Engineer: 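After the structure tokens below, expect a handful of questions from me.
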Amino acid sequence: MIASRLLSAGKKVAVVEKELLGGECAYWACIPSKTLIRPPEVRNEATRAQGTNTPTLDLKDIFDYRDHIIRNLDDSGEVESYKEKGAKVVKGEGRLDGPGRIEVNGEALEAEHVVAATGSATSMLPIEGLEDVPVWTNREATTTHEVPERAVIIGGGPNGIETSQWLSRFGSSITLVQSPDRLLDREDPKVGDIIQEILEEEGVDVRTGRKVEKARKENDGITVVTLDDGQEVATDIVVMVAGRTPHVEGIGLESVGVEVDENGLSVDERCQVSGVPGLWAIGDVTGVMPLTHVAQYQGRVAAANILDGNRKADYRGIPRMVFSDPEVAATGLTEEEAQQEGVDVAAVTLDLPQVLARSVTYEKEPRGTLGLVADREERVLVGAWAVAPLAGEWIHQACWAVRTRTLIDTLLDGVFQFPTFSQGYLAALEQLDL
Ligand SMILES: Cc1cc2nc3c(=O)[nH]c(=O)nc-3n(C[C@H](O)[C@H](O)[C@H](O)COP(=O)(O)OP(=O)(O)OC[C@H]3O[C@@H](n4cnc5c(N)ncnc54)[C@H](O)[C@@H]3O)c2cc1C
């Protein structure tokens, strides 16, 4: 993305990639996961609507389409397209070798600006015996052609929830283990509670406040994991999705005097690596927020600055989503975070089917909750969350409001299309105690 921007502006650009051009998102993360989530979501939507039959899932067709969408793990088309735009594409592992110098395949590339966009990798938890049992990371999960009979999923964040739901809907018997007391523990506590109840209703065995301590393979080939309460769970596969570690090791940062830790490569507001002119970093490697749209935004900021601009990144009002069914979407601060920041908080939680015509026209057993967090003194929204159909689409109105600090009085004068989920904002705003 940043390469395209710099090429369009007439810069000479070399792109160094050790695996597939396009990165994790295109081949093993966002794109395949959302492709796999969609068919069972459609089936569930059809079942929930009035007077429709339940469609069947054709797993072969689903996996074939997923393979097509991830280009069968072949990036030659991407490589060609970058070359056509004028980039030099080098396939190999790049390593900084002093300021403005990258070593790759024994060749040295020199540049006025270097952008580190090396991403992140699955954090492997130190679990005794894990090396002796079959383990999937997001890579094996999103490219699978088989549905395991049983899976233990470690990690109750967005990836753990999404993977649990689609695997379970494809027929796998799922145990989801999360060490914090709640799923999605960085969101408002109600969010984790709601999504846990939904997963449990679908048959997922959710164990919060629990850790997997050991794993072993029995003589009959079955894997058994032991939790920290002594409970044992038999499984065919362990899926490790308990977080990501920024990829900072082995990329030569010491050659430019940069020290890093597991939190990533620290950047300033302009996305320049702190204290190293000409070295920029974007995406998961920065440890800011491991999301593709944040990586893309940082790419826009860094490109503008490389092109002699002076643009600063602003991380207010960024959407955070889980593509579960129903969707989870949030932005800004939780009520607790706002209180910790000293905000005079007014918060409201609204059961959408109570107030929205959209909910009852949408499905037979309507679902949906919306939460708003406001600054009473400044009369602006500082956060919002929703667990509801299509929430990832309509959260953006709250993102804009948080980002631009739009006055609640202005929001209250808004006119929303009837009957939509967006009308929930007006109903919730009217209930805020300001
Ligand atoms: C299962 C899953 C689902 C996700 N779904 C979503 C989603 O729906 N929406 C969302 O916003 N985010 C999602 N994410 C997060 C998203 O995938 C990442 O935030 C995004 O890929 C980060 O982009 P990036 O460019 O920083 O890194 P990456 O996409 O990881 O790309 C880094 C690239 O650098 C290459 N590289 C690394 N080191 C070197 C080196 N030394 N030399 C040469 N090349 C190197 C790697 O091979 C890789 O191609 C998901 C993540 C996972 C795991």
Side-chain angles (χ1 to χ4, degrees), residues 37-38 40-52 158 161-162 165 182-184 186-202 317-336 338 345-374 380-402 406 408 410-434:
I37 282 167
R38 183 66 185 140
E41 179 183 67
V42 169
R43 184 179 61 172
N44 195 44
E45 281 177 354
T47 308
R48 297 181 71 87
Q50 60 284 7
T52 48
I161 291 172
E162 290 177 5
Q165 199 175 42
R182 279 204 176 78
L183 299 180
L184 297 173
R186 291 183 205 145
E187 299 297 347
D188 187 288
K190 291 182 219 67
V191 175
D193 292 346
I194 296 170
I195 202 69
Q196 177 166 349
E197 204 182 311
I198 288 165
L199 290 176
E200 285 174 342
E201 270 169 20
E202 292 192 16
I318 304 253
R320 309 182 289 270
M321 229 197 118
V322 186
F323 288 74
S324 49
D325 174 17
E327 291 175 352
V328 175
T331 191
L333 304 176
T334 63
E335 188 175 346
E336 194 186 334
V345 173
V348 64
T349 301
L350 192 68
D351 181 30
L352 295 174
Q354 297 272 337
V355 291
L356 289 189
R358 174 65 158 167
S359 300
V360 290
T361 58
Y362 197 78
E363 49 192 357
K364 287 176 290 189
E365 290 172 36
R367 308 163 288 176
T369 313
L370 167 66
L372 297 182
V373 185
V380 293
L381 283 186
V382 292
W385 58 268
V387 186
L390 306 174
E393 303 298 329
W394 47 271
I395 194 67
H396 291 87
Q397 293 166 70
C399 296
W400 275 120
V402 170
T406 310
I408 286 177
T410 308
L411 298 175
L412 278 167
D413 192 44
V415 182
F416 298 81
Q417 171 73 44
F418 176 86
T420 60
F421 289 109
S422 299
Q423 287 193 308
Y425 286 116
L426 194 52
L429 286 163
E430 281 177 343
Q431 290 193 17
L432 274 174
D433 174 21
L434 290 173

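Nothing here was measured: the structure is a model prediction, and the numbers come from that model.
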Engineer: Can you list every side chain to side chain donor-acceptor pair (under 3.5 Å) pair that touches residues 414-429, not counting sequence neighbours?
Structural biologist: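 Every pair satisfying side chain to side chain donor-acceptor pair (under 3.5 Å) with a residue in residues 414-429: Gln397-Ser422.
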Engineer: What pair of heavy atoms forms the shortest contact from Ile408 to Ala374, and how long is it?
Structural biologist: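 Minimum heavy-atom separation between Ile408 and Ala374: CD1-CB, 3.7 Å.
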Engineer: Looking at every heavy atom in both Ile195 and Pro326, which two are closest together, and how far apart are they?
Structural biologist: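 Reported closest heavy-atom pair: CD1-O, 4.1 Å.
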Engineer: Taking salt bridge (charged side-chain N to carboxylate O under 4.0 Å, His left out) as the definition, give me every residue that meets it alongside Asp433, ordered by chain and number, with sequence neighbours left out.
Structural biologist: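 Counting only residues at least two positions away or on another chain, Asp433 forms a salt bridge (charged side-chain N to carboxylate O under 4.0 Å, His left out) with Arg376.
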Engineer: Looking at Ile198 and Gln165, what are the two nearest heavy atoms and their distance?
Structural biologist: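 Minimum heavy-atom contact is CG2-NE2, 4.4 Å.
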Engineer: Can you tell me how far apart CG (Asp325) and CD1 (Ile161) are? Round to the nearest 0.5 Å.
Structural biologist: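 So the CG of Asp325 and the CD1 of Ile161 are separated by 13.0 Å.
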Engineer: Only counting residues at least two apart or in another chain, list the ones meeting side chain to side chain donor-acceptor pair (under 3.5 Å) with Thr406.
Structural biologist: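 Here the qualifying residues are Thr404.
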Engineer: Could I get the full list of salt bridge (charged side-chain N to carboxylate O under 4.0 Å, His left out) partners for Asp188, not counting sequence neighbours?
Structural biologist: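 With neighbours one apart ignored, the set is Lys190.
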Engineer: How far does CG of Leu184 sit from CD1 of Ile194, to the nearest 0.5 angstrom?
Structural biologist: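 Between Leu184 CG and Ile194 CD1, I get 11.0 Å after rounding to 0.5 Å.
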Engineer: On a heavy-atom basis, which atom in Gly317 and which in Cys399 lie closest, and how many Å separate them?
Structural biologist: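 Between these two residues, the closest heavy atoms are O-CB, 3.2 Å.
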Engineer: Once you round to the nearest 0.5 Å, how far does CG of Asp193 lie from CG of Leu183?
Structural biologist: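 Interatomic distance, Asp193 CG to Leu183 CG, rounded to 0.5 Å: 8.5 Å.
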Engineer: How far apart are the closest heavy atoms of Ala346 and Leu432, and which atoms are they?
Structural biologist: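 The answer is O-CD2, 3.5 Å.
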Engineer: Report the residues that fulfil side chain to side chain contact (heavy atoms under 4.5 Å, CB included) with Arg48, sequence neighbours left out, ordered by chain and then residue number.
Structural biologist: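 Applying side chain to side chain contact (heavy atoms under 4.5 Å, CB included) to Arg48 gives Asn44, Glu363, Glu365, Arg367.
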Engineer: Is there a side-chain contact between Pro319 and His396, using heavy atoms and a 4.5 Å cut-off?
Structural biologist: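 Sidechains of His396 and Pro319: in contact.
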Engineer: Whether the side chain of Ser324 engages the backbone of Glu162 through a donor-acceptor N/O pair (distance < 3.5 Å, no angle test) should be reported.
Structural biologist: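 Between the backbone of Glu162 and the side chain of Ser324 there is no qualifying donor-acceptor contact (under 3.5 Å).
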Engineer: Going through the checks in order, is the side chain to side chain contact (heavy atoms under 4.5 Å, CB included) test met by Leu370 and Val387?
Structural biologist: CA-CA 7 Å; Leu370 167 66; Val387 186; over 6 Å; no
Engineer: Could you measure the distance from the OG1 atom of Thr331 to the CG atom of Leu333? Nearest 0.5 Å is fine.
Structural biologist: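 So the gap between those two atoms works out to 9.0 Å.
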Engineer: Name all residues meeting the side chain to side chain donor-acceptor pair (under 3.5 Å) criterion together with Gln196; count only those two or more places apart in sequence or in a different chain, and write none if there are none.
Structural biologist: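 By the side chain to side chain donor-acceptor pair (under 3.5 Å) rule, Gln196 matches Glu200.
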Engineer: Mind checking ring-ring contact (aromatic ring centres under 6.0 Å, His included) for Tyr362 and listing every partner two or more places apart, or none if nothing turns up?
Structural biologist: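 By the ring-ring contact (aromatic ring centres under 6.0 Å, His included) rule, Tyr362 matches Phe421.
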Engineer: Could I get the full list of salt bridge (charged side-chain N to carboxylate O under 4.0 Å, His left out) partners for Glu41, not counting sequence neighbours?
Structural biologist: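 Glu41: salt bridge (charged side-chain N to carboxylate O under 4.0 Å, His left out) contacts with Arg38.
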Engineer: Closer than 3.5 angstrom, by distance alone: can the side chain of Glu327 be matched with the main-chain N or O of Gly392 as a donor-acceptor pair?
Structural biologist: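 Checked: pair present.
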Engineer: Of all residues at least two apart in sequence or in a different chain, which pass the salt bridge (charged side-chain N to carboxylate O under 4.0 Å, His left out) check with Glu430?
Structural biologist: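 Not a single residue meets the salt bridge (charged side-chain N to carboxylate O under 4.0 Å, His left out) criterion with Glu430.
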Engineer: State, with a plain yes or no, whether a side-chain heavy atom of Thr334 is found less than 4.5 Å away from one of Trp385.
Structural biologist: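 No, every pair of side-chain atoms sits at 4.5 Å or beyond.
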Engineer: List the atom pairs, with distances to 0.1 Å, where a side-chain N or O of residues 347-359 and a protein N or O form a donor-acceptor pair under 3.5 Å, not counting sequence neighbours.
Structural biologist:
unit_1, atom_1, unit_2, atom_2, d
Asp351, OD2, Gln354, NE2, 3.4

Engineer: Quick one: list whatever passes side chain to side chain donor-acceptor pair (under 3.5 Å) with Glu335, sequence neighbours left out.
Structural biologist: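 Checked Glu335 against side chain to side chain donor-acceptor pair (under 3.5 Å); zero matches.
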Engineer: Evaluate the side-chain proximity of Val402 to Val382: yes if any heavy-atom separation is below 4.5 Å, no if none is.
Structural biologist: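 With C-beta onward as the side chain, the pair stays apart.
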Engineer: Which salt bridge (Lys or Arg N to Asp or Glu O under 4.0 Å) pairs, counting each pair once, include a residue from residues 417-428, with sequence neighbours left out?
Structural biologist: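 Qualifying pairs: none.
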Engineer: Taking all atoms of both residues into account, what is the closest heavy-atom pair of Gly414 and Leu426, and its distance?
Structural biologist: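 The answer is O-CD2, 4.1 Å.
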Engineer: Could you check whether Glu187 pairs with Arg182 (Lys NZ or Arg NE/NH1/NH2 to Asp/Glu carboxylate O, under 4.0 Å)?
Structural biologist: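 Judged by the 4.0 Å cut-off on N to carboxylate O distance, Glu187 and Arg182 do not form a salt bridge.
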